[in-house]
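Worth knowing before you read on, the calculation uses all heavy atoms, side chains too, and leaves out hydrogens, waters and symmetry mates.
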Amino acid sequence: MTRELGVGIIGCGNISTTYFSLAPLFKGLKVLACADINVQAAEARAKEYGVKAQTIDALLANDEIDVVVNLTIPDAHFPVSKAILEAGKHVYSEKPLVLSLEQGEELRRIAKAKNLAVGCAPDTFLGGAHQLARKFIDDGGIGRVTSGACYVMSPGMEMWHPNPDFFFLPGGGPILDLGPYYIANLINLIGPVKRVGAMTSMASPTRTITSQPRHGEIIPVKTPTTIQALLEFVNGATVTLSASWDVWSHRHANMELYGTDGSLYVPDPNFFGGTVEASGRDKDIKPLEAWEHPFGKINQENPSGSRANYRTAGLADMAMALIEGRDARCSLDRTLHGVDVMTSILKSGEEGRFIDLTTTCTQPAALGIEEAQALLKR
């Protein structure tokens with residue numbers, strides 16, 4: 001019988017509902033408690049999902065908790081994750097793990113000294129669509145990947161989020177907020193990055209909130225909101241990444257990869273599902289034959305349409321990796337390499353030069369149908 005790890009959650013904001021509601025799908029996890037600097041928020045989530053509300057200190061001292069999920073705002077990720085490790089518990093964090101490579105290396109040092117694991121979202125690259133794209137590349141479907149283009153662009157976050165301030169402060173911005181999905185998937189599909197170059201800008205020094213309950217309030221912008229980056233991968237491929245919150249509309253695809261024998265069209269890395277298309281040298285673009293990957297199946301209906309949502313898969317994979325003694329796919333090495341890529345992109349924009357990365361990693365193990373099924377409760 002598979003052992004379960006006791007899970008605690010620190011941070012009871014919007015994203016916490018995803019972890020509370022989806023964790024029961026997976027083996028190896030049992031959410032037991034939650035905490036938040038806002039005690040009322042923790043108590044509300046605890047009542048909603050049938051877990052214990054605790055103070056942060058009490059949760060960190062709870063002997064039933066093996067791994068703590070850090071869902072605080074980006075600026076708090078490092079101190080909270082550090083406190084979790086120092087309390088002797090494994091960490092799984094929302095993205096970005098940290099705001100600097102130095103912070104990440106400090107977490108690595110503590111984790112290694114205490115024999116603890118650190119993992120981090122995003123885990124959407126484990127989705128059925130992206131794993132189908134990975135299989136197609138691994139099987140030689142487009143030959144050797146030589147280049148690509150990625151676009152994640154919108155007018156911004158102040159139109160829907162109730163408290164969007166942190167999106168526009170250091171630690172936010174489209175690269176650190178949305179870039180993790182794209183970079184994690186590129187590492188999944190191509191491998192590690194060698195160097196980056198970028199140009200960055202912002203359209204306005206302020207933003208006006210148009211969501212409720214703070215409609216009309218003006219907030220400052222203190223981080224770039226448009227980034228044009230170029231990534232050179234260790235395998236020689238070069239990929240452009242355009243990330244912006246200054247674009248009202250566009251016609252760019254989310255992700256395209258070009259190889260010696262064809263092209264691959266990958267759906268939005270922010271989601272688990274979608275249609276993967278490809279062409280060969282005949283230039284005839286067709287959908288890949290669908291496969292029955294469990295993390296590609298529709299499981300949610302919302303106003304924007306049907307969706308496959310299996311967030312928490314990365315946490316479940318980390319839990320099973322701890323139980324089985326193997327490498328987790330959303331591992332610290334891959335997460336830190338992603339942080340290195342993103343912070344180097346921002347540094348390049350500031351300094352006007354290419355930045356050589358100081359970290360590397362391996363591609364995560366592919367997650368095929370059987371491997372994904374093994375993470376789910378029967």
Can you tell me which residue pairs pass the side chain to side chain donor-acceptor pair (under 3.5 Å) test with a partner in residues 145-154, sequence neighbours excluded?
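Passing the test, one end in residues 145-154: no pairs.
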Shortest non-hydrogen contact from Q131 to N188?
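Heavy-atom minimum between the residues: NE2-OD1, 3.6 Å.
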Using a strict threshold of under 4.0 Å (side-chain N to carboxylate O), is an ion pair present between [Y] and [X]?
X    : Y    : result
D63  : K89  : no
E350 : K347 : no
D317 : K27  : no
D165 : R207 : no
K30  : E4   : no

Under a single-linkage rule joining Ile, Leu, Val, Met, Phe, Trp and Tyr whose side-chain heavy atoms are separated by less than 4.5 Å, which residues share a cluster with V39?
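Direct or chained contacts put V39 with none.
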Single-linkage hydrophobic cluster L176~V196, side-chain heavy atoms < 4.5 angstrom:
yes
Taking salt bridge (Lys or Arg N to Asp or Glu O under 4.0 Å) as the test, write out the residues that go with K95, two or more places apart.
D177
D246 and T226 side chains, donor-acceptor separation under 3.5 Å:
yes
Using the benzene-type ring in the case of Trp, are the ring centres of H161 and F166 under 6.0 Å apart?
yes
Short side-chain to backbone donor-acceptor contact, N185 and I187, under 3.5 Å:
no
Would you say D268's side chain and F271's backbone share a donor-acceptor pair under 3.5 angstrom?
no
